[in-house]
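The model shown is predicted, which means the values in this text are computed figures rather than measured ones.
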Amino acid sequence: MDRAIDATAVFRGATTLAMKDGHLDDQEMRILARLSHALRLPEGLPLKIYDNIIEGRDSDSGRELSRSEALMVYGQVLEAYCTISEPTPEAALLLSYMRTVFDINETEHREFVRSVDRHLEQVVHRNVAAQLRTTIDDAIELVSDPLQKLRIRK
């Protein structure tokens, strides 16, 4: 990749694409929020970029991303996309846009997908196990408490 990648321009492009239908849906906002965080945009800048788009103004240039930063950003956005239960075509289009902007080839994309899959598998198993433990603890408490009251009444 020979061309420089401007963090502000990437976010502006993604936001412009997401707003092509006149509004941002929940999935688009989720992806844009992850993108903003991954790009490490200063607080307030995403809203300023959004306002500039609405008002037809340009945005100032931002900091240049290295190739490794661009890859990291793509991985984080891909993970956000993969956690959406039923992604819309608009959300998929945002991911495609970032793949193009970051010049992610098919091999790199497949490796990201495998990596995200491994990571999510670990996180989901851990979260599901924690949720089951909480549910079991709650169930034990819910069942034990009335039993304690019954024993006291005897």
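Remark: Asp26 CG is loosely packed, at most 12 non-hydrogen atoms of other residues, nucleotides or ligands lying under 6.0 Å away. In Arg110, the CZ atom is not crowded: 12 or fewer heavy atoms of neighbouring residues, nucleotides or ligands sit closer than 6.0 Å. More than 12 heavy-atom neighbours from other residues, nucleotides or ligands sit within 6.0 angstrom of CG on Asp21.
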In residues 76-87, what donor-acceptor pairs under 3.5 Å come from side-chain atoms, sequence neighbours left out?
from, atom 1, to, atom 2, distance (Å)
Glu79, OE1, His119, ND1, 3.1
Thr83, OG1, Arg30, NH2, 2.7
Thr83, OG1, Ala80, O, 2.8

For residues 5-18, tabulate all N or O donor-acceptor pairs below 3.5 Å that involve a side-chain atom, not counting sequence neighbours.
from, atom 1, to, atom 2, distance (Å)
Asp6, OD1, Thr8, N, 2.8
Asp6, OD1, Ala9, N, 2.8
Asp6, OD1, Gly62, N, 3.2
Asp6, OD2, Gly62, N, 2.7
Arg12, NH1, Arg57, O, 3.0
Arg12, NH1, Ser59, OG, 2.9
Arg12, NH2, Arg57, O, 2.9
Thr15, OG1, Phe11, O, 2.8
Thr16, OG1, Arg12, O, 2.8

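Distance CG/Leu32 to OH/Tyr50: 10.5 Å, rounded to 0.5 Å. Distance check: Leu41 CG to Leu47 CG gives 12.0 Å after rounding to the nearest 0.5 Å.
The pair Glu28-Lys20 does not count as a salt bridge, with every side-chain nitrogen at least 4.0 angstrom from each carboxylate oxygen. Glu43 has no carboxylate O lying under 4.0 Å from a charged side-chain N of Lys48, or vice versa, which leaves the two without a salt bridge.
The shortest non-hydrogen separation linking Arg67 to Ile104 is NH1-CD1, 4.3 Å. Shown here for Leu24 and Met29, the closest heavy-atom pair between the two residues is CB-CG, 3.7 Å. For Met72 against Ala38, the heavy-atom pair with the smallest separation is CE-O, 3.6 Å.
A 4.5 Å side-chain heavy-atom check between Leu94 and Leu35 finds every atom pair outside the cut-off. Looking only at side-chain heavy atoms (C-beta outward), Arg99 and Glu108 stay at 4.5 Å or farther from each other.
Looking only at distances, a side-chain donor or acceptor of Thr100 sits under 3.5 Å from a matching main-chain atom of Ser96. With Glu69 contributing its side chain and Ser66 its backbone, the two residues share a donor-acceptor pair below 3.5 Å.
Residues satisfying the side-chain hydrogen bond (donor to acceptor under 3.5 Å, both in side chains) criterion with His109, sequence neighbours excluded, are Tyr74.
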